[in-house]
K.L.:
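Please read through the structure below; I'll follow up with questions.
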Amino acid sequence: MLHRILSTIAVAFICIAASAQGVCVINGNIADDRMSDGSKIKKLTLTRTDELGRTIEVATAKVKKGKYTFRYELAKDEPVFMYAIKGFGEGNDVEVFVEPGEVAVNTYSNMSSIATGTPTNDLYLKYCATCKDDSILPFAKDILERKHGAEWFATPEGKDALNRIARESIKIKANLLRMLIDNNASPMTPLMIERWLPLLTPAYADQMVNTIHVDLQKHPYYLSLRNKVLANDMKVGNEVPNITLPLSSGEVKKLSDYRGKYVVLNFWANGCTKSDEMIAEMKNLYNVVKENQDQFIIISVALESDAAAWQGAVQSNGMGGDGWLNACDLAGAASPAAKLFGVEKAPRIILVEPEGRAVSLDMDIDEVVMRVEQILAGDLYYFDQAEYK
């Protein structure tokens with residue numbers, strides 16, 4: 001008995017120390033350490049996805065007799081992120097929030113897993129349980145169809161059954177949204193709202209963003225959510241997404257860093273004939289704005305995945321100079337910045353005014369030059385557009 005008490009006290013002190021030091025300890029238990037193909041699970045990997053969509057491996061753990069442990073030290077002021085434990089087989093990654101404390105992950109014989117023990121993981125488990133209730137409802141319809149036949153749903157009884165299923169689904173979805181609103185200071189909330197976006201109208205999505213607690217509004221998940229909401233309602237007169245700009249100088253900037261200036265934002269692709277033609281004309285625009293850098297800046301975003309090819313193209317095309325920046329996130333056509341602006345093919349030019357709103361989302365280069373000259377002459381022509389009234 002004394003041994004058990006001392007062991008319990010020791011474990012408690014370890015948990016307290018881990019929490020105090022900014023350490024997350026993940027202890028896993030696997031009911032059946034064999035995957036569907038019969039192979040044994042020997043090693044697992046703890047990963048997370050960065051803001052550019054890249055998977056980053058942060059730790060590995062050996063599996064011994066169905067047990068494993070990750071010990072991850074969080075950097076000072078590191079936000080709480082959702083990580084993925086990989087190695088259970090395709091489609092069986094375990095989602096776990098990494099935060100100070102001790103997390104217990106139990107993986108069952110069907111490869112489903114739950115993570116508990118820290119505030120965000122406990123809240124996420126409760127959220128997922130409610131989601132599961134909603135996912136079961138379609139099976140109710142299938143069961144009724146097998147029992148009565150598809151034509152039964154045209155009868156009064158069938159219609160009533162469908163209405164009950166629909167009402168229950170609406171009720172569950174309302175409970176999920178209420179849970180997010182009630183826990184608006186949790187890092188889980190903006191991440192889950194982002195997953196909801198395909199089902200929300202732009203106005204409702206904007207309302208959900210506005211429910212996020214002010215203390216969370218510098219968290220990457222909040223910033224990502226807000227960008228997606230802005231992207232889903234992209235039009236002239238609206239604020240544009242605050243994209244990340246990895247510059248050729250090695251600096252990483254945000255589009256918002258250039259608030260107070262007009263930004264000519266152009267997306268281009270190396271080796272694209274139309275992009276080459278646009279870049280040649282961009283030099284004429286640069287000659288117009290380079291003496292007015294207090295008002296204008298050009299930012300060229302390359303859809304390229306090879307750093308050397310990008311840098312070489314910038315130099316060979318004679319791009320850049322004071323007031324002309326070059327950026328590339330090295331994701332090629334899958335560039336997160338391009339996706340946020342709805343760029344499906346290059347080239348594309350966007351004009352953004354000093355407060356971060358779109359003046360134009362699809363001008364050709366000749367019109368851009370003309371409009372820039374108008375603005376420099378004091379003619380803020382875009383205020384005549386209905387979107388700005």
Side-chain angles (χ1 to χ4, degrees), residues 52 231 234-238 240-241 243-249 251 253 255 258 261-293 295-354 356-377 379-382 385:
L52 297 179
M234 181 89 71
K235 57 188 177 184
V236 170
N238 280 7
V240 300
I243 58 174
T244 300
L245 299 166
L247 301 179
S248 55
S249 64
E251 293 180 283
K253 294 285 191 177
L255 185 58
Y258 304 100
K261 295 184 180 183
Y262 290 91
V263 177
V264 179
L265 183 67
N266 70 289
F267 293 86
W268 64 284
N270 186 23
C272 166
T273 301
K274 289 186 177 180
S275 289
D276 291 341
E277 293 171 354
M278 182 269 293
I279 290 168
E281 294 297 326
M282 285 290 292
K283 294 176 183 178
N284 295 330
L285 176 61
Y286 180 59
N287 289 332
V288 173
V289 303
K290 67 181 179 180
E291 301 302 326
N292 298 278
Q293 293 177 37
Q295 292 180 262
F296 277 90
I297 191 165
I298 298 172
I299 303 177
S300 294
V301 180
L303 307 184
E304 177 60 75
S305 56
D306 185 293
W310 165 50
Q311 297 278 10
V314 167
Q315 291 183 3
S316 63
N317 286 320
M319 303 168 67
D322 291 340
W324 186 350
L325 304 178
N326 284 279
C328 183
D329 53 30
L330 300 178
S335 162
K339 286 183 177 180
L340 285 169
F341 273 92
V343 177
E344 296 180 354
K345 61 180 181 179
R348 188 172 177 189
I349 304 176
I350 292 125
L351 180 60
V352 182
E353 49 89 86
R357 295 179 296 171
V359 175
S360 172
L361 294 168
D362 207 5
M363 286 183 179
D364 61 42
I365 186 63
D366 292 334
E367 186 179 2
V368 172
V369 173
M370 179 181 70
R371 296 308 191 186
V372 167
E373 288 176 337
Q374 280 182 267
I375 293 169
L376 287 172
D379 177 9
L380 303 185
Y381 73 93
Y382 56 89
Q385 300 179 69

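Numbering of residues begins at 1 and proceeds along the displayed sequence.
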K.L.:
Apply side chain to side chain contact (heavy atoms under 4.5 Å, CB included) to Val368 and Leu351, showing your working.
P.N.:
CA-CA 8 Å; Val368 172; Leu351 180 60; 5.6 Å; no
K.L.:
Can you give the donor-acceptor pairs under 3.5 Å from side chains of residues 336-348 to other protein atoms, not counting sequence neighbours?
P.N.:
unit_1	atom_1	unit_2	atom_2	d
Arg348	NE	Leu361	O	2.9
Arg348	NH1	Phe341	O	2.8
Arg348	NH1	Gly342	O	3.1
Arg348	NH2	Leu361	O	3.2

K.L.:
Mark yes when over 12 heavy atoms from residues, nucleotides or ligands other than Asp322 sit less than 6.0 Å from its CG; otherwise mark no.
P.N.:
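Open.
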K.L.:
List the residues meeting side-chain hydrogen bond (donor to acceptor under 3.5 Å, both in side chains) with Tyr286, not counting sequence neighbours, and say none if there are none.
P.N.:
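With neighbours one apart ignored, the set is empty.
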K.L.:
Are any non-hydrogen side-chain atoms of Val359 and Arg371 less than 4.5 angstrom apart?
P.N.:
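Answer no - side chains too far apart.
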K.L.:
Contact between Ile243 and Leu265 at the side-chain level, heavy atoms closer than 4.5 Å - yes or no?
P.N.:
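Yes. Closest side-chain heavy atoms under 4.5 Å.
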K.L.:
List the residues meeting salt bridge (Lys or Arg N to Asp or Glu O under 4.0 Å) with Glu291, not counting sequence neighbours, and say none if there are none.
P.N.:
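Checked Glu291 against salt bridge (Lys or Arg N to Asp or Glu O under 4.0 Å); zero matches.
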K.L.:
Val264 vs Val289, test: side chain to side chain contact (heavy atoms under 4.5 Å, CB included). Steps then yes/no.
P.N.:
CA-CA 10 Å; Val264 179; Val289 303; 5.7 Å; no
K.L.:
Would you please name every residue forming a side-chain contact (heavy atoms from CB on, under 4.5 Å) with Ile279, sequence neighbours left out?
P.N.:
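Only Trp268, Asn317, Met319 meet the side-chain contact (heavy atoms from CB on, under 4.5 Å) criterion with Ile279.
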K.L.:
If a pair satisfies salt bridge (Lys or Arg N to Asp or Glu O under 4.0 Å) and one of its residues is in residues 275-286, list it, with sequence neighbours excluded.
P.N.:
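Salt bridge (Lys or Arg N to Asp or Glu O under 4.0 Å) check on residues 275-286 returns no pairs.
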K.L.:
Listed by chain and number, what are the ring-ring contact (aromatic ring centres under 6.0 Å, His included) partners of Tyr258, not counting sequence neighbours?
P.N.:
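If we apply the ring-ring contact (aromatic ring centres under 6.0 Å, His included) test to Tyr258, skipping adjacent residues, there are no hits.
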K.L.:
Do any N or O atoms from the side chain of Asp306 and from the backbone of Ala309 form a donor-acceptor pair under 3.5 angstrom?
P.N.:
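Yes; judged by distance alone, with no hydrogens or angles, the pair exists.
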K.L.:
Can you give me the closest heavy-atom contact between Ser300 and Asn266, atom names plus distance?
P.N.:
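Of all heavy-atom pairs spanning Ser300 and Asn266, the closest is OG-OD1, 2.8 Å.
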K.L.:
Tell me, do Leu285 and Met282 make a side-chain contact under 4.5 Å, heavy atoms counted?
P.N.:
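A side-chain contact exists here, since the closest heavy-atom pair is under 4.5 Å.
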K.L.:
The criterion is side-chain hydrogen bond (donor to acceptor under 3.5 Å, both in side chains); which residues satisfy it with Ser275, sequence neighbours excluded?
P.N.:
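Here no residue qualifies.
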K.L.:
So, the side chain of Gln293 versus the backbone of Phe296: is there a donor-acceptor pair under 3.5 Å, distance only?
P.N.:
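Here the side-chain-to-backbone pair does not exist.
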K.L.:
Does Leu380 reach the side chain of Ile375, with side-chain heavy atoms less than 4.5 Å apart?
P.N.:
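Counting from C-beta outward, Leu380 and Ile375 do come under 4.5 Å.
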K.L.:
Where do Tyr382 and Glu353 come nearest, in terms of heavy atoms and distance?
P.N.:
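Heavy atoms of Tyr382 and Glu353 come nearest at OH-CB, 3.9 Å.
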K.L.:
Tell me, please, which residues at least two apart from Trp310 pass ring-ring contact (aromatic ring centres under 6.0 Å, His included).
P.N.:
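Result, ring-ring contact (aromatic ring centres under 6.0 Å, His included) vs Trp310: none returned.
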K.L.:
Work out which heavy atom in Ser335 is nearest to a heavy atom in Leu303; give both atom names and the distance.
P.N.:
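Heavy-atom minimum between the residues: CB-CD2, 4.0 Å.
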K.L.:
Looking at Leu255 and Pro241, what are the two nearest heavy atoms and their distance?
P.N.:
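So the two residues come closest at CD2-O, 3.6 Å.
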K.L.:
Using 0.5 Å steps for rounding, measure from the CE atom of Met370 to the CD atom of Gln374.
P.N.:
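Result: 5.5 Å between the selected atoms.
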K.L.:
According to side-chain hydrogen bond (donor to acceptor under 3.5 Å, both in side chains), who are the partners of Asn326, at least two apart in sequence or on a separate chain?
P.N.:
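Partners of Asn326 under the side-chain hydrogen bond (donor to acceptor under 3.5 Å, both in side chains) test: none.
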K.L.:
Who passes side-chain hydrogen bond (donor to acceptor under 3.5 Å, both in side chains) against Thr244, sequence neighbours left out?
P.N.:
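Partners of Thr244 by the side-chain hydrogen bond (donor to acceptor under 3.5 Å, both in side chains) criterion, ordered by chain and then number, come out as Glu51, Lys254.
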K.L.:
If you look only at pairs with a residue in residues 358-367, which of them pass as a side chain to side chain donor-acceptor pair (under 3.5 Å), with sequence neighbours excluded?
P.N.:
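Output for this query is empty, none listed.
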K.L.:
How close do Asn270 and Ala313 get, counting heavy atoms only, and between which atoms?
P.N.:
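Minimum heavy-atom contact is OD1-CB, 3.5 Å.
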K.L.:
Under the rule for side-chain contact (heavy atoms from CB on, under 4.5 Å), what residues qualify as partners of Gln315, not counting sequence neighbours?
P.N.:
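For Gln315 there are no side-chain contact (heavy atoms from CB on, under 4.5 Å) partners, ignoring immediate neighbours.
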